[in-house]
Amino acid sequence: MIRHQRRKADFRDRLFGRKLVELDRHGKFMLGLFEGDITLIMHLGMSGRMQLAEPGEKRVAHSNVVVGFDDEIELRLVDPRTFGFMVAVTPEEFGSTSVGKLGPDALNQLPRTAELVAALAGRTAPIKALLLDQRIMAGLGNIYADEVLFRSRVRGRRKAGRLSGPEVGAIRKSIGPVLQAGLRSGGTSLDDLAYLLPDGRAGEFVDKLKVYGREGEPCKRCGSAIRRSVIAQRSHFYCPECQV
DNA sequence: ACCTCCCTGGCC
DNA sequence: GGCCAGGGAGGT
């Protein structure tokens, strides 16, 4: 179930008995740094969630990876679709993981507007596709990209290289507030409750979404019906009046 | 800049 | 039975 670990035995062998010394995050990748320079790379994929449980607690379906700690706590990756993963890597391997290819973190290392303008210059791809491109900036997924675009009043299909400086600035300025609001609410648990907080509570940002998943419902700003289109094979929700 | 694939489950 | 879904890699 740890497809990303080429030798499955490595996962246990590399982590067993080692002390977790630090937790980090870059974009949507979570990193556990263990003694002995072993890094546990974790990603929730589409349907994953982390669960903290006691070893005796019954495992829910799709508890695909379980890491036990000696204080009687287990970290479980529950992930029906198995696009999420945990992999334990050595320093030599770390460089060739996708973590190294990530752009600056959208929350902690947000690029300046001028840098973003430069990164988007000449690009003909829709801005939404590039907001989802983790090499440009890491951390925005489909929900938050749409919410950022609504807040900045830009349509996702606009060609990235043709956005004005102020438009790129508006997008940049929207990223922090949107992500912070999402974090304050504990994230976005949709109807299927695939994503939950590690203690089992549902994230409540779904109640505060302005556009994502609201096709046909009235825009909270102008009342127009929210529309859905497809960009880069992903759903895009937007307000046809508020977003240009 | 596109596609396809990796998976399972829920909904129509 | 077919379609859809919070992501990302890999190939063309």
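Below, chain A is the first sequence line, B the second, and so on; all start at residue 1.
Less than 4.0 Å separates DNA chain B from at least one heavy atom of each of the following residues of residues 124-133 of chain A: A/T124, A/A125. Listed by residue number, A/S98 are the residues of residues 91-101 of chain A with a heavy-atom contact under 4.0 Å to DNA chain C. Within residues 152-159 of chain A, no residue has any heavy atom under 4.0 Å from DNA chain C.
The residues A/K210 and A/D146 are annotated as not salt-bridged, no charged nitrogen and carboxylate oxygen being separated by less than 4.0 angstrom.
When DNA chain C is scanned in the 5' to 3' direction for atoms under 4.0 Å from non-hydrogen atoms of chain A, the outermost contacting nucleotides are C/dA5 to C/dA9.
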Pair up each side-chain donor or acceptor in residues 34-54 of chain A with any protein partner under 3.5 Å, not counting sequence neighbours, and list the distances.
{"residue": "A/H43", "atom": "ND1", "partner": "A/G45", "partner atom": "N", "Å": "2.8"}
{"residue": "A/S47", "atom": "OG", "partner": "A/D79", "partner atom": "OD1", "Å": "2.6"}
{"residue": "A/S47", "atom": "OG", "partner": "A/R81", "partner atom": "N", "Å": "3.0"}

Cut-off 3.5 Å, no hydrogens considered: what does the side-chain donor-acceptor table look like for residues 219-228 of chain A, sequence neighbours left out?
{"residue": "A/K220", "atom": "NZ", "partner": "A/L209", "partner atom": "O", "Å": "3.1"}
{"residue": "A/R228", "atom": "NE", "partner": "A/S235", "partner atom": "OG", "Å": "3.1"}
{"residue": "A/R228", "atom": "NH2", "partner": "A/S235", "partner atom": "OG", "Å": "2.9"}

Could you go over nucleotides 5-8 of chain B and give all protein N or O partners under 3.5 Å, atom names and distances?
{"residue": "B/dC7", "atom": "O2", "partner": "A/R81", "partner atom": "NE", "Å": "3.1"}
{"residue": "B/dT8", "atom": "O4'", "partner": "A/P80", "partner atom": "O", "Å": "3.2"}

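The salt bridge (Lys or Arg N to Asp or Glu O under 4.0 Å) check on A/R7 picks up A/D10, with sequence neighbours excluded. With sequence neighbours excluded, the residues that form a side-chain hydrogen bond (donor to acceptor under 3.5 Å, both in side chains) with A/E74 are A/R76.
Its side chain within the 4.5 Å cluster rule, A/L196 clusters with A/L193 among the Ile, Leu, Val, Met, Phe, Trp and Tyr residues.
Sequence neighbours left out, the pairs with a member in residues 100-159 of chain A that pass ring-ring contact (aromatic ring centres under 6.0 Å, His included) are A/Y144-A/F205.
In DNA chain C, stems built from 3 or more consecutive Watson-Crick or G-U wobble pairs, each with both distances under 3.5 Å, span B:1-6 with C:7-12, B:8-12 with C:1-5.
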